[in-house]
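Residue numbers begin at 1 in each chain, while the letters A, B, ... track the order of the sequences.
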Amino acid sequence: MENSGKYRRILVTSALTYANGDTHLGHIAGSILPADMYVRYCRLAGYDVIYVCGSDEYGTAIEMSAIKEGISPKEIVDKYHFANKKAYEQLGMSFDIYSRTSTETHKKTAQDFFTNLYNKDLLYQKTEKQLYSEKEKRFLADRFVIGTCPVCGFEEARGDECENCGSALSPLELKYPRSTITGDTPVVKESTHFYFPLSKFQPKLEEWINSKKDWKPNVVNYCKGWFKTGLQDRAITRDLDWGVPLPMDGFDGKVIYVWFEAPMGYISITKELFAAKGNEDKYKDYWCSDDTKLVHFLGKDNIIFHAIFFPAMIMAHGNLVLAENVPANEFMNLEGSKQSKSKGHAIYVKDVVDKYNPDSLRYAIASNMPENKDTDFYWKDLQAKNNNELGAILGNFVNRTFVFAGKYFDGAVPEAGAYAEIDINIINSIKSYTSSIASYYENYKFKDALSETMNLVRDANKYFNDTEPWKVVKEDTARCGTIINVCLQLCNTFAILFNPVLPFTSEKLLRMLNMPVENLSWANAEKLLLPAGHKLNPPEILFRKIEDSEIEQ
RNA sequence: GCCGGAGUAGCUCAGGUGGUUAGAGCGUCGGAAUCAUAAUCCGCAGGUCGGGGGUUCAAGUCCCUCCUCCGGUACCA
């Protein structure tokens, strides 16, 4: 396998979920499901892999949500952290740990990181004018100031941009500025912040990105676009209450800026994972060794942080591993327009996970994953994929096989006699599919992996049709036994090959086959593991039909 | 405005370095089959590849231009 030479272990992350709202299918499609499929594949392949994720809990937007809902930031993040953690669990996401950034471990990790750079003299301070609300006693982020656009005179222009004429603005340029929260008029006040010298790292970053020949072109080109304009230094502190305080005296009311501190969550959460196992220092095996393959899964809105900012921070730090790949996805829209928390146009996991088979949701999303461009999720698509593909092709094959075994072979695996050519062909195609699917997973081609897996099931149905066991059983029971034996072996293969995308179905199938979960390994997918005489459990329906009435909403 | 991505069959999507009749799944229609959750299998039909211009023996693919959508644009993360 590809990582057996250079890499000894794999560290997979999904973009941390910002804890100011419920997670929706857009998050799942962009950064969570592809990572989960990849990780599940890696486990089956026998790799040493860990999968870390969690809630991103600091920053202005959390404070604003708190004000809006009339509760404290802590209450906000508690509410959404646990809600989202549960939602992911219900969808079968197999994080080794799903934690959060408001922990002591994270605070210490972020502060140590800051101190490390500070002691190397990499950071510098700069004083700038900002808008300050006397009433709220806080500095206002650009987007929380509105006023009259100096260019076109639009009266509702935001501090960062005028929606009317499209001009990029600074809040100091606005005429008649006011706070979007209270409406009061802010004053100009000076504040001193630490800056990270991003510009210094541009040559190293360019060299690094240019060496990545197997990255997606959209990610590479996006970065090159930033290089072309020239990277600028960036503030890494903010005047805010809700965040990680600076690890030094004399900076009261200043916290580490969330863009700088959040990605360190990957590190602190890994620490937590091993601390819980009694050896926190083991995190270093993953974060401080060159033979770790670090893979960040995320949506396109996050490319800048994972392909430029965070790598630069890691270069500055000097003792951490850089990403081996950043397979960014585009967005999954809903019924033709983008999903958005603020507009309420989204499918929240919590609202659908009880209504539908989680595997059907996973399948519908994975088979239309936005790997190359934005895609659309349609309810009728979920229904069609569930009924016409999962139910009709996979469910039906398993069901017709099990019913046959029950009816004619006493619910046990019949003996396989001499194989006919048609038997040998399907057995051989198990092997070739197993290896081609593996290579799709290795290369982050999840849609291809999935359609290839379904193709094997299509072949299986064709095999069933062509061998006509319902006729053969009347003339030649032994031959029929061979056919059903092959079909049952195929079911066992499906339990393994579908595990990355349909984990619940995979388990169910194994139960029906009366096979131990320990058998779940990629190497076993191409083996004919079911011995003759092996007793089967009664079949269950794998995918119930979704009726028209259920999706009309 | 600037940087990056996208626009391909009724629907959802694939189509490194330009090369014979542009692919798949689903849907539609026709046929076969009847073991099975009326589920399967075979076949037909369906596209002037966003518009316009150019390079070339040859363009979905390269160049120019225009339109539309998405992301970023450094203080949302």
Side-chain angles (χ1 to χ4, degrees), chain A residues 15-18 20 56 58-62 64 128 130-131 139-145 159-161 165-168 170-171 193 198 216-229 231-235 238-240 257-259 262-263 299-305 308-309 328 330-331 333 336-338 364 367-378 380-381 384-385 387-389 391-393 395-404 407-408 445 447-448 451 454-455 458 460-466 468-473 480 484 487 539 541-545:
Chain A
L16 302 185
T17 307
Y18 202 61
N20 71 339
D56 176 4
Y58 287 131
T60 316
I62 299 277
M64 293 306 141
E128 286 198 330
Q130 288 183 282
L131 291 183
F139 283 96
L140 295 169
D142 291 0
R143 55 167 48 195
F144 294 112
V145 181
D160 51 352
E161 170 194 48
C165 68
S167 307
S170 144
H193 286 293
L198 189 60
K216 289 187 178 189
N218 60 336
V219 177
V220 173
N221 291 339
Y222 179 89
C223 293
K224 286 182 177 169
W226 275 73
F227 294 146
K228 207 157 51 182
T229 1
L231 298 181
Q232 296 171 25
D233 297 349
R234 251 179 106 96
R238 294 213 72 184
D239 299 290
L240 212 60
Y257 199 162
V258 66
W259 74 260
K300 62 179 166 182
D301 56 328
N302 248 322
I303 293 175
I304 185 71
F305 296 99
I308 293 186
F309 297 162
E330 305 290 310
F331 283 178
N333 300 321
S337 58
K338 66 175 287 198
S367 61
N368 198 18
M369 197 173 269
E371 289 175 349
N372 301 313
K373 61 172 182 182
D374 287 4
T375 62
D376 275 286
F377 180 92
Y378 290 93
K380 60 173 171 33
D381 227 48
K385 294 229 155 95
N387 294 356
N388 306 337
E389 297 184 34
I393 299 173
N396 181 47
F397 177 79
V398 169
N399 189 249
R400 70 205 295 210
T401 298
F402 267 79
V403 169
F404 227 91
K407 211 189 274 183
Y408 298 106
K445 293 182 179 288
K447 280 204 286 200
D448 287 336
S451 66
M454 275 310 280
N455 281 339
R458 293 189 176 97
N461 270 312
K462 180 169 167 50
Y463 171 81
F464 201 106
N465 271 40
D466 291 348
E468 301 182 310
W470 61 91
K471 280 185 190 166
V472 175
V473 73
C480 182
I484 296 306
C487 289
I541 294 294
L542 292 182
F543 302 96
R544 68 165 187 87
K545 229 178 152 146

So, using side chain to side chain donor-acceptor pair (under 3.5 Å) as the criterion, who are the partners of A:Lys224 when residues are at least two apart?
none

Pair pattern of RNA chain B in dot-bracket, where unpaired bases get dots and | marks partners in another strand, Watson-Crick or G-U under 3.5 angstrom:
(((((((..((((.....[...))))..((((.......))))......(((((..]....))))))))))))....

Give the nucleotide from the list B:A14, B:A77, B:A36 with an atom nearest to the side chain of A:Asn372.
B:A14

Out of B:G72, B:A33, B:C35, which nucleotide sits closest to the side chain of A:Val403?
B:C35

Contact class for A:Ser367 (heavy atom, under 4.0 Å): base, sugar-phosphate, or nothing?
nothing

Could you give the distance separating B:A36 and B:G47 at their C1' atoms, to the nearest angstrom?
37 Å

The nucleotide from B:A74, B:C35, B:C13 with an atom nearest the side chain of A:Asp376 is B:C13

side-chain contact (heavy atoms from CB on, under 4.5 Å), paired with A:Pro171, selected from A:Asp160, A:Leu131, A:Leu140
A:Leu131

What nucleotide, of B:U40, B:C13, B:U34, holds the atom closest to the side chain of A:Asn465?
B:U40

Test your reading of the model: is there a side-chain donor-acceptor pair from A:Asp233 to the backbone of A:Leu198, 3.5 Å cut-off?
yes

From B:C76, B:A6, B:A36, nucleotide with atom closest to A:Lys407 side chain
B:A36

Determine the interplanar angle of the A:Tyr408 and A:Phe404 rings, folded into 0 to 90°, and report it as parallel if under 30°, tilted if 30 to 60°, perpendicular if over 60°.
tilted

Starting the side chain at C-beta, find the nucleotide from B:G71, B:U40, B:U12 nearest to A:Asp301.
B:G71

Heavy-atom donor-acceptor pair, A:Asn221 side chain to A:Pro217 backbone, under 3.5 Å
yes

Please answer whether the main-chain N or O of A:Pro539 pairs with a side-chain N or O of A:Asn399 as donor and acceptor at a distance below 3.5 Å.
no

Check whether any side-chain N or O of A:Tyr18 sits under 3.5 Å from a backbone N or O of A:Tyr58 as a donor-acceptor pair, and report yes or no.
yes

Extract from the structure each pairing of a protein N or O with an N or O of nucleotides 60-69 of chain B at less than 3.5 Å, listing the distance.
none

Consider the side chain of A:Lys380, meaning its heavy atoms from C-beta on, and name the nucleotide among B:C11, B:U34, B:U37 that approaches it most closely.
B:C11

Polar side-chain contact A:Asp56-B:A77 base: donor and acceptor under 3.5 Å
no

Using a strict cut-off of less than 4.0 Å between a Lys/Arg side-chain nitrogen and an Asp/Glu carboxylate oxygen, indicate whether A:Asp374 and A:Lys300 qualify as a salt bridge.
yes

Below 4.0 Å: OP1/OP2 of B:A14 and any side-chain N or O of A:Ser451:
no

Select base, sugar-phosphate, or nothing to describe what A:Phe144 touches, counting heavy atoms under 4.0 Å on all strands.
nothing

N/O (side chain, A:Tyr378) to phosphate O (OP1/OP2, B:U12) under 4.0 Å
yes

Enumerate the protein-to-nucleotides 24-26 of chain B contacts in which both atoms are nitrogen or oxygen and the separation is below 3.5 Å.
{"residue": "B:G25", "atom": "O3'", "partner": "A:Arg458", "partner atom": "NH2", "Å": "3.1"}
{"residue": "B:G25", "atom": "O2'", "partner": "A:Glu389", "partner atom": "OE2", "Å": "3.3"}
{"residue": "B:C26", "atom": "O3'", "partner": "A:Asn388", "partner atom": "ND2", "Å": "3.3"}

Closest nucleotide among B:A77, B:A14, B:A74 to the A:Tyr257 side chain
B:A77

Have a look at A:Leu231 and say if it touches a base, only the backbone sugar-phosphate, or nothing, with a 4.0 Å heavy-atom cut-off.
base

May I ask you to verify if any side-chain N or O of A:Asn302 is less than 4.0 angstrom from the OP1 or OP2 atom of B:A77?
no

Rounding to the closest angstrom, what is the interatomic distance between B:A9 and B:G50 at atom C1'?
15 Å

What is the ring orientation for A:Trp226 with A:Tyr222, classed by angle as parallel under 30°, tilted 30 to 60°, or perpendicular over 60°?
tilted

Across the strands shown, which category fits A:Ile304 at heavy-atom distances under 4.0 angstrom: base, sugar-phosphate, nothing?
nothing

Need one value for A:Lys224: base, sugar-phosphate or nothing, where a base atom within 4.0 Å counts as base even if backbone is also close, heavy atoms only.
nothing

Once you apply a heavy-atom cut-off of 4.0 Å, does A:Ala141 come out as touching a base, just sugar-phosphate, or nothing?
base

Remember a base hit wins even if backbone is also touched, and classify A:Lys300 as base, sugar-phosphate or nothing at under 4.0 Å, heavy atoms.
base

Describe the nucleic acid contact of A:Leu542 in one word from base, sugar-phosphate, nothing, applying a heavy-atom distance below 4.0 Å.
base

With rounding to the closest Å, how many angstrom separate the P atoms on B:A33 and B:G52?
49 Å

Partner residues of A:Arg458 under the salt bridge (charged side-chain N to carboxylate O under 4.0 Å, His left out) criterion, sequence neighbours left out
none

Within the distance-only criterion (no hydrogens, no angle test), does the side chain of A:Lys216 pair as donor or acceptor with the backbone N or O of A:Glu371 below 3.5 angstrom?
yes

Spacing of the C1' atoms in B:G10 and B:G46 (rounded, Å):
8 Å

Which nucleotide sits closest to the side chain of A:Val258: B:A77, B:U40, B:C41?
B:A77

Using only side-chain N and O atoms of A:Lys373, determine if any of them is under 4.0 Å from OP1 or OP2 of B:C70.
no

Tell me whether the OP1 or OP2 atom of B:A33 has a side-chain N or O from A:Lys471 closer than 4.0 Å.
no

Minimum-distance nucleotide (side-chain atoms of A:Arg234 versus B:C13, B:A74, B:G4)
B:A74

Restricting to side chain to side chain donor-acceptor pair (under 3.5 Å), what partner residues turn up for A:Asp301, sequence neighbours left out?
none

Exercise: identify the closest heavy-atom pair between A:Phe464 and A:Cys487:
CD1-SG, 3.7 Å

Does B:G51 sit syn or anti, given that only angles within 90° of 0 count as syn?
anti

A:Glu330 bridged to A:Lys373 by N-O distance under 4.0 Å
no

